[in-house]
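Remember, it's 1-based here, ligands and their atoms both numbered in the order they're listed. Residue indices begin at 1 and follow the sequence shown. Note that these values count all heavy atoms, side chains included, but never hydrogens, waters or copies made by symmetry. Quick caveat: nothing in here was measured; it's all calculated off a predicted structure.
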Amino acid sequence: MKTVDCDYFVVGSGMAGLMSALHLASYGKVLLVTKMGLKDCNTNFAQGGICCVMDPKDTFDKHARDTMIAGAWLGNSPVVHEICEHAPEAIRDLVECGVKFAKSPDGSWDLTREGGHSARRILHAGDITGEKCEAAMIRRLKKSGVEVRERTILIDLVMTRRIGIKGENRCVGAYVLDRDSGEIYAVRSPNTILATGGCGKVYLYTCNPDVATGDGIALAWRAGAKIENMEFIQFHPTCLYHPQARRFLISEAVRGEGAELVDRHGRAFMKKYDPRGSLAPRDIVARSIDSEMKRTGDDCMYLDIRKKGRVYLMKRFPNIYRKCLEFGIDMATDLIPVVPAAHYTCGGIKATTDGRTSIPGLSAVGECACTGLHGANRLASNSLMEALVCARLAAARLGPHPDTFAKGAAPEIPAWKTGAAVPPDEAVLVSHMWDEIRRLMWDYVGIVRTNKRLARAARRLKTLRREIRDYYFRYLVTPDTLELRNIAVCAELIVRSAQKRRESRGLHYTLDYPRMSKRPKQTVLDGFKG
Ligand SMILES: Cc1cc2nc3c(=O)[nH]c(=O)nc-3n(C[C@H](O)[C@H](O)[C@H](O)COP(=O)(O)OP(=O)(O)OC[C@H]3O[C@@H](n4cnc5c(N)ncnc54)[C@H](O)[C@@H]3O)c2cc1C
C-alpha cells in the first residue's frame with residue numbers, strides 16, 4: 001500500500017476546506033482531497049450571502065446579540081463575539097480571491113437583511129453567492145501549489161493507538177479510497193483538517209447535495225473525538241417538492257409577498273398554529289407544515305400565490321418563476337408543492353474557533369465543527385461566515401506552529417486490511433438501508449419529536465448499525481457503503497443527543513418537554529471507545 005506524505009492534509013473543498021488550504025499553502029506541503037469534484041459541496045449552493053458588519057450604523061455587539069437570540073441563548077458568547085469581529089478580515093480574503101460582492105450605485109456594499117438580523121449586514125453576489133465564492137477560490141487554488149485529489153474519499157482516520165504506537169493517542173492521517181481506480185492508500189500527516197460539511201442526507205428531504213453525509217463527524221467520532229449539539233438540525237420550511245427538483249428552495253420572500261400555505265384542497269392552515277399565519281418565523285412554519293403532513297398523511301403542502309398574477313410574479317421572482325415552470329408548475333395558475341427539508345447541521349465535532357478538536361493532530365472547521373457560534377439555531381447567513389473565519393484562524397494557528405511527529409519520526413502506517421472481504425454483490429441491501437435510515441429519521445427524529453419516537457428510532461438504528469457493520473466487514477469497501485456507515489453514525493448521534501435534551505430549545509422541539517429550561521446546557525457525546 002502506498003503512503004502519501006504532506007504537512008497539512010485538508011479534507012473537503014467547500015468554503016472551509018478551500019480557505020484553509022489557501023492560507024496554509026505558504027507554510028508547507030498541502031494536500032487537499034474531496035470526495036467528488038471540487039464544486040460538489042454545500043458552499044456551491046448557498047444563495048443568500050455572508051454576514052459581516054460593514055455598515056457604520058451597525059455594530060459587532062448587535063450582530064452578536066442577534067446570533068445569541070437566534071441560538072436561543074445556547075451560543076457561547078465569547079465565541080460569538082470573536083467570530084463576528086473577525087468577519088471583516090475574512091471577507092477581505094474572499095475579495096482578494098476575486099469575489100465581486102454586489103455594490104450600491106454609490107460604491108458602498110449592497111447589504112441585504114434576512115430574518116433575525118437587526119441590521120443590513122449580508123454581503124451577496126446576486127442570488128448565487130456560494131457559486132461565485134467557490135469559483136473564485138478554485139481559481140486561486142489552481143495557482144497556489146496545493147496538491148488536489150478529486151474523487152478521493154476519506155475512509156477512516158489513522159490513530160496512533162490503533163496502529164500500536166504507545167503514548168498520547170494522535171491522529172496521523174487517514175486511509176482514503178480513489179473512486180476511479182478503487183485503490184486504497186494512506187495519507188500521512190501530523191496535521192489533518194476536516195472540512196467535510198454537514199449531514200443533511202441523514203434525512204429523507206434535504207436541500208443539501210449528495211456529498212453531505214456527515215462523513216467527517218462520523219469518522220471523528222469513531223476516532224474518539226467529542227461531538228456536540230447534534231440534536232439541532234435546521235429545516236428550511238419550503239423546499240420545492242418535485243422528484244427532479246432536489247435542493248431548490250422557495251425563498252421566504254414569496255411568503256413575504258403574500259403567498260399562503262395551504263393543503264391540497266387549497267385551505268389555508270397556518271392561522272391554526274400562529275396568529276401571524278404564513279408569515280410566522282421559519283421554525284414555526286416548518287413545524288406547522290410537518291404537523292399537517294403527519295395529520296393528513298399527505299406527502300407535501302402547498303404555497304398559493306396565484307392572486308398576484310403572472311406579470312407581477314415574473315418580475316418579482318424571475319428565477320423561482322422560471323425554475324418552477326421547468327418542473328411544469330406555473331406559479332400564476334398552480335399551487336407550488338413544498339416540504340420542509342434538512343438544511344443545516346448546527347452541531348458537530350466539538351472544536352475551538354481555530355479548529356482544535358479533542359484529538360491531537362486533528363482539526364475541524366466549517367459545518368462539520370461545533371464551535372459554539374450557532375447555539376440551538378443558526379442565524380441566517382452566519383454559516384459561511386463561520387467557515388471563512390475559522391479556516392483563517394485555524395491556519396493562523398497551524399501555519400506557524402504546526403504539529404510535528406514525535407521525535408521527528410513519521411509512524412509506519414500498516415496496509416489497509418481487506419481480510420476475507422469479497423466484492424459486494426447485492427447493492428440493493430445498501431440502498432434499502434440508506435432509505436430506511438433517512439425515512440425513519442424524517443418520521444421519528446424530524447421537526448417535532450417525542451420520547452416514544454426517539455426510543456423507536458434508537459432501537460431500529462441499533463439493529464441497522466449492526467447489519468451495516470456486518471455488511472461492511474464482509475464486502476470490499478465502496479463509496480456507498482462508506483457513506484451508509486457514516487449516515488448511520490450521524491443518525492445515532494442525533495438521536496442520542498435529542499434524548500439527552502429534556503427541554504424544547506431552538507431547533508429541538510419535543511412534545512414531552514415543551515418548555516425551555518432555565519439553565520442552557522450543551523449536549524456533549526464522548527467519542528467511540530473501541
Ligand atoms: C441550498 C443551501 C443554501 C444555503 N445558503 C446559505 C447562505 O445564503 N448563507 C450561508 O451562510 N450559508 C448558507 N448555506 C449553508 C452553507 O452553504 C454551508 O454551511 C457551508 O457552505 C459549509 O461549508 P463547508 O466548507 O463547511 O462544507 P461544504 O461546503 O459542504 O464542503 C464539504 C466538502 O467536504 C467534502 N467531503 C465530505 N466528506 C468527505 C469525505 N469522506 N472524503 C472527502 N471529502 C469529503 C465534500 O465533498 C465537500 O467538498 C446554505 C446551504 C444550502 C444547502
Legend entry - Close side-chain approach of His23 to Asp93, heavy-atom, < 4.5 Å: yes
Inset, instruction - Check each heavy atom of Asn44 against ligand 1 and say whether those closer than 4.0 Å belong to the side chain, the backbone, both or neither. - result: neither
Inset, instruction - Decide whether an N or O pair under 3.5 Å exists between Pro209 and ligand 1. - result: no
Legend entry - ligand 1 N/O within reach of Ala16 N/O, cut-off under 3.5 Å: yes
Legend entry - N or O pair under 3.5 Å between Met36 and ligand 1: no
Inset, instruction - Would you tell me which option among Ser383, Gly12, Cys41 has the nearest heavy-atom contact to atom 31 (O) of ligand 1? - result: Cys41
Legend entry - Test of proximity, Ala46 against ligand 1: N or O pairs below 3.5 Å: no
Legend entry - Validation row: Arg121, Met385 side chains within 4.5 angstrom (heavy atoms): no
Inset, instruction - Using a 4.0 Å heavy-atom cut-off, say whether Arg378 meets ligand 1 through its side chain, its backbone, both or neither. - result: side chain
Legend entry - Mode of Asn486 contact toward ligand 1 - side chain, backbone, both, neither (heavy atoms, under 4.0 Å): neither
Inset, instruction - Would you check whether Lys35 has a nitrogen or oxygen atom less than 3.5 angstrom from a nitrogen or oxygen atom of ligand 1? - result: yes
Inset, instruction - Mind checking whether Ala195 contacts ligand 1 via backbone (N, CA, C, O), side chain (CB onward), both or neither, at a 4.0 Å heavy-atom cut-off? - result: backbone
Inset, instruction - Look only at interatomic distance and state if Asp215 has a nitrogen or oxygen under 3.5 Å from any nitrogen or oxygen of ligand 1. - result: yes
Inset, instruction - For this output row, return yes or no: ring centroids of Phe235 and Tyr203 closer than 6.0 angstrom. - result: yes
